S.K.: 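Sharing a structure, written as structure tokens. Questions coming.
Chain letters run A, B, ... following the sequence lines, proteins first, then strands; residues in each count from 1. Just so it is clear, the values below take in all heavy atoms, side chains as well, and ignore hydrogens, waters and symmetry mates. No experiment lies behind these values; they were computed from the predicted model shown.
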Protein chains: 2
Amino acid sequence: MARKTGSRAEITGPLIRRAALSLFSRHGYAAVSMRRIAAEVGVQAGTLYLYTSDKQSLLFELMRNHMEELLTAWSREPKGEEPPARLAAFVRFHIRFHLERPEAVFLAYMELRSLVPENFARIEALRQRYEDALADILRAGIAAGRFQIADLRLATMSIIAMLTGVNTWYRDGGRLSREEVGEIYVEMVARLVGPDRGAAPDLGVLGER
Amino acid sequence: MARKTGSRAEITGPLIRRAALSLFSRHGYAAVSMRRIAAEVGVQAGTLYLYTSDKQSLLFELMRNHMEELLTAWSREPKGEEPPARLAAFVRFHIRFHLERPEAVFLAYMELRSLVPENFARIEALRQRYEDALADILRAGIAAGRFQIADLRLATMSIIAMLTGVNTWYRDGGRLSREEVGEIYVEMVARLVGPDRGAAPDLGVLGER
DNA sequence: GCTTGGCATGAACGCCCGTTCAGTTAATCT
DNA sequence: AGATTAACTGAACGGGCGTTCATGCCAAGC
């Protein structure tokens, strides 16, 4: 028979990570003390060291966990065959995934400079793999004559930047749903990469709103 | 007769602001102590308080100064008449201005959360005015039938995000000059906002590289 | 009922923080 | 030469920092 509840440790660990994520993302790594994290969880500062070796590791594990979830989730995403469909899938996935975990996204973008060099390199490598996933789609689309792109790297960085930018302004309960935002971005990104209009929805549908 | 050199105070003040900008942007506001800024300038910590009322004001003045320079510079920029030309001017201006002062840009984007609410609101208002400048161009282009845009706000945010993103990867001495990057972005933004191809340079020119 | 061991405490360590201010220096003015 | 003043020092204030560790608690296993 299964346990009804986990041991205390099995609960406290995640609680610490959740509190650290929330506080780090709101106030910044350097501005949040171990004592403040502990207070949020309801324990003393010393207790944190039963679950993490030090403050830097706590930050690094949060960021690594986020980046690995991102890569895993994208690898499991249904993507379609043709480059335009794959690109549309990437846009929808990116917006949905990032809007689901705004704190982790904010942390991963803002606290890179708080990582010691070794940890920075590891996170950077994971981020690079994600960028490459998009670049691969664009490259395939160029090769297939479906995209018209002046510079692959600049197009890649532009798309990532505009998609991630959604997190800075989107609020639930606003004018547009997440899905509506996703569809408008699918359209804008499709224009950005070239003249192929085959797989993109007709603008008129969105224009009617 | 005019003074040969300024008084010490006229030199030390700017030195403090420059050191604070550099350190804040590299390590973050919370991670930089007043003593460290003072050491960079070559004075004792107490001296800083002859030039700023406190650490928060030092940060706020740096951010406010940056945002006001941004708005002033844009207001003085030659812009052209037609919306497509104005949009291209905005793109070129944004990239040029931001690449000229990466530290201030980084600070203004990363340290908003370190501002007390009153200062945050003031910086936010300045940023809003800049966004509005772009939104006004897009609105005029829609009204003139030159742009085809599904959602004005989303297009505005997308363009700002992709342009500001240049600062995260551009390095002098790299594959492309600032001007080349600017022209490629002019082209990508032109596609984003609609089918009007009149004012945009032919892609072939860039494609030849 | 007693022992074991996982879990948490809370005091302590040495250090750094933002800010103040009485006192010192050195240039300028009369 | 002496007075004035702007510029800066360096010590001090109260407090918080990350981290360690001897000690205690209490539920689980015998």
S.K.: Over how many whole Å does the gap from B/Ile11 atom CD1 to D/dA7 atom P extend?
M.R.: 11 Å
S.K.: Using whole Å, report how far CG of A/Leu23 lies from C1' of D/dC17.
M.R.: 16 Å
S.K.: In whole Å, I'd like the distance from the CG atom of B/Asp54 to the P atom of C/dT20.
M.R.: 8 Å
S.K.: Does A/Thr12 have a side-chain nitrogen or oxygen under 4.0 Å from the phosphate oxygens OP1 or OP2 of C/dC7?
M.R.: no
S.K.: Have A/Ser22 and A/Arg26 got a donor and an acceptor in their side chains that come within less than 3.5 Å?
M.R.: yes
S.K.: Roughly, in whole Å, what's the span from CD in A/Gln44 to P in D/dT23?
M.R.: 18 Å
S.K.: Check for a donor-acceptor pair, side chain of B/Arg129 on one end and backbone N or O of B/Ala125 on the other, with a separation under 3.5 Å.
M.R.: no
S.K.: For A/Thr47 and C/dC7, is the shortest distance between a side-chain N/O and OP1 or OP2 below 4.0 Å?
M.R.: no
S.K.: Base, sugar-phosphate or nothing for A/Val41? Non-hydrogen atoms, less than 4.0 Å.
M.R.: nothing
S.K.: Assign each of B/Arg36 and A/Gly46 to its nearest nucleotide of DNA chain C by heavy atoms, then name whichever residue's nucleotide is nearer the 5' end.
M.R.: A/Gly46
S.K.: Nearest whole Å is fine: how far is D/dT20 C1' from A/Tyr51 OH?
M.R.: 17 Å
S.K.: Using modelled atom types only, decide if a donor and an acceptor are shared between the side chain of B/Thr168 and the backbone of B/Gly165 within a distance under 3.5 Å.
M.R.: yes
S.K.: By nearest nucleotide on DNA chain D, pick out whichever of A/Gln56 and B/Leu50 is the more 5' one.
M.R.: B/Leu50
S.K.: Quick check, are the ring centers of A/Phe90 and A/Tyr130 under 6.0 angstrom apart?
M.R.: yes
S.K.: With heavy atoms under 4.0 Å as the rule, sort A/Ser33 into base, sugar-phosphate or nothing.
M.R.: sugar-phosphate
S.K.: Does one side chain, of A/His27 or B/Ser114, offer a donor that lies under 3.5 Å from an acceptor on the other?
M.R.: no
S.K.: Would you mind reading off the distance between A/Arg35 atom CZ and C/dC13 atom P, rounded to a whole angstrom?
M.R.: 14 Å
S.K.: Check the distance between C/dC17's C1' and B/Tyr29's OH and give it to me in whole angstrom.
M.R.: 12 Å
S.K.: What is the distance, rounded to the nearest whole Å, between atom CE of A/Met34 and atom C1' of D/dG18?
M.R.: 7 Å
